[in-house]
Amino acid sequence: MKHLLNNNVENIEISGIRKFFNLVSDEQDVVSLTIGQPDFHTPDQVKEAGIQAIENNLTTYTPNQGIFDLRKAIHQYYKTNYELVYQSESEIIVTSGASEAIDITFRTILTPGDEVILPSPIYPGYEPLITLAGAKPIHVDTTDTGFKFTPESLANAISAKTKCVVLPSPSNPTGAAYSKQELQALAEVLHGKEIFILSDEIYSEIIFDFTHTSIASVSDLKNQTIVINGVSKSHSMTGFRIGYTLAPEWLSKQMLKVHQYNVSCAASISQYAALEALTDYEEHTAHIKQVFKKRRDYVYERLVNMGLEVERPQGAFYIFPKLQLNDKNSFDLGLSLVHDAKVALVPGSSFPQHGEGYMRLSYAYHEDVLKEGLDRLEAYLNESAPDRKN
Ligand SMILES: Cc1ncc(COP(=O)(O)O)c(C=O)c1O
């Protein structure tokens, strides 16, 4: 019977991150610096809004595109913060996490044979969905360009088959983020071309050295851009599963069909909680930004002092140092770090592609945990590679 399966499903793999965790899950006393979600609790008033939704029997299906008040709050949030206006009635879809937003985007626009350009190493959630659609991921190596596209590297990757460019900013796993000027330079390459841009802005609230800009707001790119965001990272709400898409009406109309037949609507209770999150967000988001910035500075300095080659992240809560020892690949090095140093980092090879030779460290942990984990890493490096600083 196996031959009856969809080949595209057989061709995708369980995430490398999961494989790694399955191997190390029994190990005791490990300091883990691996998590992909904030270490804060969901704000109390957001939890309360979810509880109230249950109490008030707001537990039925909602409109497919999400409750109107939440779409209005999303409209207002993008207008106020990112100078972008999307119509609540027709250009916003509330999804089950940013993950579903990515899925409905690809399923709406991709057909077999299309190419999708990705700046790599990159979040592993895009490639399998591209493959499932019968399209082809084209990875641009960004390891020599600050983990970002340059106008040249982007232009060189474009072919007659290019359907979409994925642009995550700030990025998981590298923490790289594009400034307005950098986006303007990329926009010059994309403007006027029949190519979509999937702008993944899920970490837009966690950015340190400049304010977040959406590529949809520069150089008339709005008509070809699908913006993706959500409350998972900004409000420590990963389990609520609320994301959204912002796209022109003609495109949202098509994406809504895929969303409707996929999940009908995002969970009603979570939508009411997200409404509260987006209505009163400033204090919370200012706080997390400040905490993550302090940790970014601390972790970056520690890694530099260990003699490691590392880019200073501009956003999110990850840092991606180069870490190579004794010819081990990053997966085996990750296992050694867990077994011998009792510290867990995510091997760079978990991120397609060009992540080999790197490790992802998450600083979504309390300062004491970060210090202990980094002390262990440093002690291990001093023992295994004492000459590395020379
Ligand atoms: C870049 C990026 N996009 C999307 C997602 C998925 O977000 P959600 O949990 O809202 O589905 C993640 C989660 O880690 C991410 O890092």
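Counting starts at 1 for both ligands and their atoms, following the listed order. Numbers for residues simply follow the sequence, beginning at 1.
Of the protein's non-hydrogen atoms, the one nearest atom 11 (O) of ligand 1 is Ser99 OG, 2.5 Å. Atom 7 (O) of ligand 1 has its closest protein heavy atom at Ala98 CB, 3.6 Å. Regarding atom 10 (O) of ligand 1, its nearest protein heavy-atom neighbour is Ser232 OG, 2.6 Å. Atom 5 (C) of ligand 1 has its closest protein heavy atom at Tyr123 OH, 3.4 Å. From the protein, the heavy atom lying nearest to atom 9 (O) of ligand 1 is Arg241 NH1, 2.9 Å. Nearest non-hydrogen protein atom to atom 14 (O) of ligand 1 is Lys233 NZ, 2.7 Å. When only non-hydrogen protein atoms are considered, atom 1 (C) of ligand 1 lies nearest to Asp200 OD2, 3.5 Å.
Residue Pro168 places no N or O, backbone or side chain, under 3.5 Å from any N or O of ligand 1. Below 3.5 Å of separation, one finds an N or O of Asn172 facing an N or O of ligand 1. Residue Tyr203 has at least one N or O atom closer than 3.5 Å to an N or O atom of ligand 1.
No cation-pi contact links Lys233 to Phe317, judged by a cut-off of 6.0 Å to the six-membered ring centre and 45° from its axis.
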Is there a side-chain contact (heavy atoms from CB on, under 4.5 Å) between Val258 and Gln254 once you walk through the steps? CA-CA 7 Å; Val258 183; Gln254 303 304 321; over 6 Å; no
Pair Leu374-Val299, side-chain contact (heavy atoms from CB on, under 4.5 Å): steps then yes or no: CA-CA 8 Å; Leu374 288 163; Val299 173; 4.1 Å; yes
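Below 30°, between 30° and 60°, or above 60°: for Tyr363 and Phe208 the angle between ring planes is between 30° and 60°, a tilted geometry.
Of all non-hydrogen atoms in Asp29 and Lys342, the two that sit nearest each other are O-CB, 3.7 Å.
Checked by atom type and distance alone, the side chain of Gln271 pairs as donor or acceptor with a backbone atom of Ile67 at under 3.5 Å. Side chain of Thr95 to backbone of Gly243: a donor-acceptor contact under 3.5 angstrom is found.
Taking a cut-off of under 4.0 Å to the non-hydrogen atoms of Tyr126, the atoms of ligand 1 that pass are 1 (C). Every atom of ligand 1 is numbered from 1 in the order shown, and the set under 4.0 Å from a heavy atom of Gly97 is 10 (O), 11 (O).
When each of Leu183, Leu118, Val189, Leu186 is tested with Phe149 by the rule side chain to side chain contact (heavy atoms under 4.5 Å, CB included), just one qualifies, namely Leu186.
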